[in-house]
Structures are given as C-alpha cells and as structure tokens.
Number of protein chains: 2
Amino acid sequence: MSEQPRPVGSRLGRRNDPDRRDRIIDACLEVIAHSGVTGTSHRKVAARACVPLGAMTYYFDGMDDLLQAALTRFATGISDRFERRMAGASDADGAREAVAAIILDDVFGDDRELVLSHELYTLAARDPAYRSITTAWMERSRAALERHFDPETARLLDALIEGLSIHRALDSRTRDPHEVRTAIARITAS
Amino acid sequence: MSEQPRPVGSRLGRRNDPDRRDRIIDACLEVIAHSGVTGTSHRKVAARACVPLGAMTYYFDGMDDLLQAALTRFATGISDRFERRMAGASDADGAREAVAAIILDDVFGDDRELVLSHELYTLAARDPAYRSITTAWMERSRAALERHFDPETARLLDALIEGLSIHRALDSRTRDPHEVRTAIARITAS
DNA sequence: CACATCTGGGTACGATCGTACATATACCGT
DNA sequence: ACGGTATATGTACGATCGTACCCAGATGTG
C-alpha cells in the first residue's frame with residue numbers, strides 16, 4: 001500500500017503537507033483502476049491516500065471535481081508519453097514504428113490504463129465536462145501525428161490506434177504484432 | 001415514461017405476466033443509458049419497469065446477474081443489426097459501403113448506444129464475465145466481415161470501425177463522411 | 001370443494017455513501 | 001506576545017442502497 005512520505009504526524013494543524021492534494025489525486029486513480037468509478041468513494045480514496053475523510057471535501061469541490069482532476073492527470077500523462085514517442089521519430093517510417101510501439105507496448109501493457117481509459121470514455125460519453133478531457137487528449141495526439149503525416153491520415157491513424165488497442169486488449173487472442181504494422185502501413189499509404 | 005402493457009392489475013398473485021423479466025431487462029438498459037452503471041439500482045430499474053422492488057431479486061440473482069443479462073441483450077442486438085447490414089452486401093464494394101453505413105448511421109446515430117457500449121467495455125476491462133460478452137460480439141462481427149474480406153483484413157476493419165466510431169462520437173467535430181470511406185478503402189486495400 | 005404448493009411482492013434491516021459543519025491547530029501581522 | 005485568520009480534521013446526519021425474509025394469493029390436485 002502507499003506510505004505517507006511525511007514522517008511528521010505531530011504537526012497536525014496547517015500547511016505541513018503541500019503535495020497532499022497530489023497524493024489524493026493519485027490515490028483516486030488507483031481506486032478507480034481497482035474498483036471502477038462505480039466503486040470509488042471519498043472514504044476509499046482517503047484511506048488509500050492516508051488522509052482523513054474531511055480532506056476530501058476540503059481539497060475538492062465534491063466527487064465530480066475529484067474525478068475530473070484525476071482523469072485529467074491520467075489523460076495528460078498518456079498524452080505526454082505519446083508525444084515523447086512521436087518526438088523520437090525522425091522520418092515517416094520512424095513514426096510508423098513509434099505508432100506500432102504505442103499500440104503494442106503502451107496501451108496494451110497493463111490492465112490499469114485500459115480500465116482507466118474506458119472509465120474516462122464512459123464518463124465522456126455522457127458528460128461534456130469529461131468529454132473536454134478526451135477532446136484535448138485526441139487533439140494532442142493528432143497534433144503529434146501531424147508532424148509526420150497529413151491531417152486526414154493523422155486522424156485516421158489516431159482512430160486506428162484506438163480501435164486496435166481496444167480490440168487487442170479485449171480479445172485475449174490475436175496477439176500478432178505483424179498485423180498491427182500491416183494496419184499502420186495500409187492506413188498511412190496515400 | 002414507460003407504460004405497463006398489461007392492463008390487468010387484478011390478477012396479482014401468479015403467472016400472469018410472462019414477459020415481466022424481459023421488461024425488467026429493457027428497463028435496465030434504459031436506466032444504464034440514462035444514469036450509467038454507477039447510477040443503476042434495483043429501485044430505479046423496478047420503477048422504470050413498473051414492477052415491485054421484490055421482483056428484482058426474484059428474477060435475477062443479484063445486481064451482476066441483471067447487468068449481464070441486460071448487456072448481453074444489448075450486444076446481441078447490435079450484432080444482429082451488424083449482420084443484417086453485411087448480409088445485404090453482395091460484393092466487396094457493397095460490403096465497404098455497408099461498413100461506412102454502420103459507422104456513419106448506426107453507432108454514431110444516438111448517444112444511447114455510445115453510452116451503453118462504453119459501459120460494457122468498462123465492465124469488460126475488469127471482469128472476465130463481461131469480457132466474454134464483448135468477445136462474442138467481436139467474434140460475430142468478424143465472421144460477418146469475413147464473408148467479404150480475408151481474416152486479417154476483417155480484423156483490422158473491425159478495429160477501424162471501433163476506433164472511428166469512438167473518435168467521431170467523442171470528438172464533436174470531424175463529421176466528414178468522406179474520410180470514413182477513405183479509411184475503409186485504405187484498410188481493405190490488399 | 002379443500003388443501004398443499006409455488007410464484008410473486010411489500011417491507012424492514014444493516015451497511016455505505018456524500019457532505020455539511022463545528023472545532024482545533026498553526027501561521028502571521030501587529 | 002498575542003489575537004486573527006487561514007488551513008485542516010473529526011464527526012454526525014440524512015439519504016440511498018442491495019437484499020433477505022415473510023406473507024399473500026393464485027394454481028393444480030385429490
């Protein structure tokens with residue numbers, strides 16, 4: 001479980017733990033990944049972050065505020081890694097290989113990201129506030145792709161990444177890396 | 001709101017409403033679409049289906065059993081329509097147009113299916129019981145596609161449908177039908 | 001017509017939830 | 001040195017939840 005990095009415990013009152021809010025957000029992401037948004041409660045997050053229950057309503061303006069902060073951090077982290085991958089590519093072929101690595105290694109890597117992505121999508125499908133998180137995410141992905149491909153191809157490639165990642169994660173078979181590269185080659189063929 | 005199709009009301013005791021279970025399942029899907037799995041409760045579903053609360057535990061073995069029944073029905077319905085679309089195509093070009101229609105009209109049509117799909121995916125990402133629902137769904141989709149395309153192309157096409165549908169639904173822009181056809185043409189080009 | 005049986009429903013219980021709010025503590029201006 | 005104030009916490013309340021349980025009443029049999 002998570003330890004409380006601050007050894008204190010004595011200075012109960014004030015201004016002693018500046019990154020407490022950050023810890024709560026991270027704890028919230030772990031709770032969502034483990035129990036889903038459905039099973040996420042102030043109490044579980046507080047216990048996970050080793051903060052008292054009252055801190056929840058103090059740092060966040062209700063449950064929705066907390067969820068948005070957490071999922072925004074998640075999406076930003078994914079985007080950061082995406083951009084880093086793409087920045088490492090010098091030409092179109094390198095970009096294609098970077099995209100393959102994203103599909104094969106990143107999203108498919110662990111269940112955590114798969115679960116969190118879908119939790120976010122589910123909220124975004126209903127609530128515009130969450131949809132703006134996914135919109136920003138997609139915006140950054142496409143911008144990174146447009147460094148190497150034309151705008152239309154970038155959009156299609158982004159959609160392909162999405163679909164392949166989901167299907168490969170939810171299928172439990174079809175683990176052939178070659179078909180990913182085939183798909184990328186076809187979709188980026190003008 | 002939903003009316004109770006049976007006019008009775010007098011025959012309270014027994015064996016008077018044979019499709020009560022079906023009504024509950026449909027009501028459950030509507031509640032999920034409206035409030036999400038998070039906001040779905042026995043009470044809400046019972047109210048929606050115009051059945052007493054006690055009927056919930058009578059017809060279903062707890063909340064999970066109800067959710068699985070509901071989402072199975074949803075996925076089956078989507079698969080049925082998918083197969084119908086594909087069955088109407090006589091050649092590869094017709095199949096391509098059918099796929100375009102699926103993306104442009106079906107999934108993107110209303111928010112209801114978008115929401116329900118993601119709710120299902122979210123559960124599937126965590127729970128194997130729900131994952132078998134999505135696996136069966138994908139199986140049928142690919143089988144239908146393989147009537148017109150080779151297996152690998154069918155898989156890629158299926159993934160492309162997924163990604164394009166999601167991105168187009170979650171983006172709130174990018175409504176150009178042409179790019180969908182472009183993507184299909186590229187991915188089905190051997 | 002009477003009785004055993006089984007389907008279905010009303011209700012109450014225990015648990016859990018979000019959040020408001022009073023309180024306590026530490027910092028800071030004076 | 002000493003309030004005043006911002007920061008943080010513990011607790012308690014009202015609402016809602018899933019589900020177990022018991023009873024009502026219809027059904028089929030003798």
Side-chain angles (χ1 to χ4, degrees), chain A residues 4-25 27-28 30-32 34-71 119 123 127 129-130, chain B residues 2 4-25 27-28 30-32 34-71 119 123 127 129:
Chain A
Q4 51 185 42
R6 284 293 180 137
V8 231
S10 61
R11 312 177 64 197
L12 293 173
R14 184 186 181 188
R15 196 167 303 156
N16 52 348
D17 200 351
D19 48 25
R20 169 107 51 151
R21 194 186 143 95
D22 281 340
R23 283 223 325 278
I24 294 176
I25 291 179
C28 182
E30 289 186 50
V31 172
I32 295 175
H34 186 267
S35 311
V37 167
T38 308
T40 298
S41 68
H42 277 164
R43 285 172 170 82
K44 282 185 189 170
V45 176
R48 183 76 136 167
C50 297
V51 300
L53 176 60
M56 292 295 115
T57 48
Y58 178 74
Y59 285 105
F60 298 93
D61 210 29
M63 196 68 197
D64 247 38
D65 190 32
L66 171 60
L67 285 178
Q68 280 179 34
L71 291 173
E119 296 282 354
L123 293 175
D127 193 330
Y130 295 93
Chain B
S2 72
Q4 50 187 42
R6 283 291 178 139
V8 233
S10 61
R11 310 178 64 197
L12 292 173
R14 184 185 183 189
R15 197 166 303 156
N16 54 350
D17 201 351
D19 47 29
R20 169 107 52 153
R21 194 186 142 95
D22 280 339
R23 285 225 319 281
I24 294 176
I25 292 178
C28 182
E30 290 185 48
V31 172
I32 296 175
H34 185 268
S35 311
V37 166
T38 308
T40 299
S41 68
H42 277 166
R43 285 172 169 83
K44 282 185 188 170
V45 176
R48 183 76 137 165
C50 296
V51 299
L53 176 60
M56 293 294 115
T57 49
Y58 178 74
Y59 286 105
F60 299 94
D61 212 30
M63 197 68 196
D64 247 36
D65 190 31
L66 171 60
L67 285 178
Q68 279 179 35
L71 292 173
E119 297 282 355
L123 293 176
D127 193 331

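Just so it is clear: chains get the letters A, B, ... in the order the sequence lines come, proteins before strands, and each one is counted from 1.
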With DNA chain D as reference, determine whether A/Y58 or A/P52 sits nearer its 5' end, using the nearest nucleotide of each. A/Y58
Using the side chain to side chain contact (heavy atoms under 4.5 Å, CB included) rule, take A/L123 and A/E119 through it: C-alpha gap first, then chi angles, then the decisive distance, then the call. CA-CA 6 Å; A/L123 293 175; A/E119 296 282 354; 5.7 Å; no
With side chain to side chain contact (heavy atoms under 4.5 Å, CB included) as the criterion, how do B/F60 and B/I25 come out once you've worked through the C-alpha distance, each side chain's angles and the decisive distance to 0.1 Å? CA-CA 10 Å; B/F60 299 94; B/I25 292 178; 3.7 Å; yes
Of the options B/M56, B/E30, B/R23, which is the one that meets B/V45 in a side-chain contact (heavy atoms from CB on, under 4.5 Å)? B/M56
Please examine the side chains of B/T40 and B/L66, heavy atoms only from C-beta on, and report whether any two atoms are closer than 4.5 Å. no
Please check if atom CG in A/D64 has more than 12 non-hydrogen atoms from other residues, nucleotides or ligands closer than 6.0 Å. yes
Distance test, side-chain N/O of A/R21 to OP1/OP2 of D/dT7, below 4.0 Å: no
Within the 4.0 Å limit for protein heavy atoms, which parts of nucleotides 13-20 of chain D are touched? Write it as a string from 5' to 3', B for base, S for sugar-phosphate only, - for none. ----BBB-
Just the rounded figure in Å: distance from C1' of C/dT19 to CG of A/L66. 14 Å
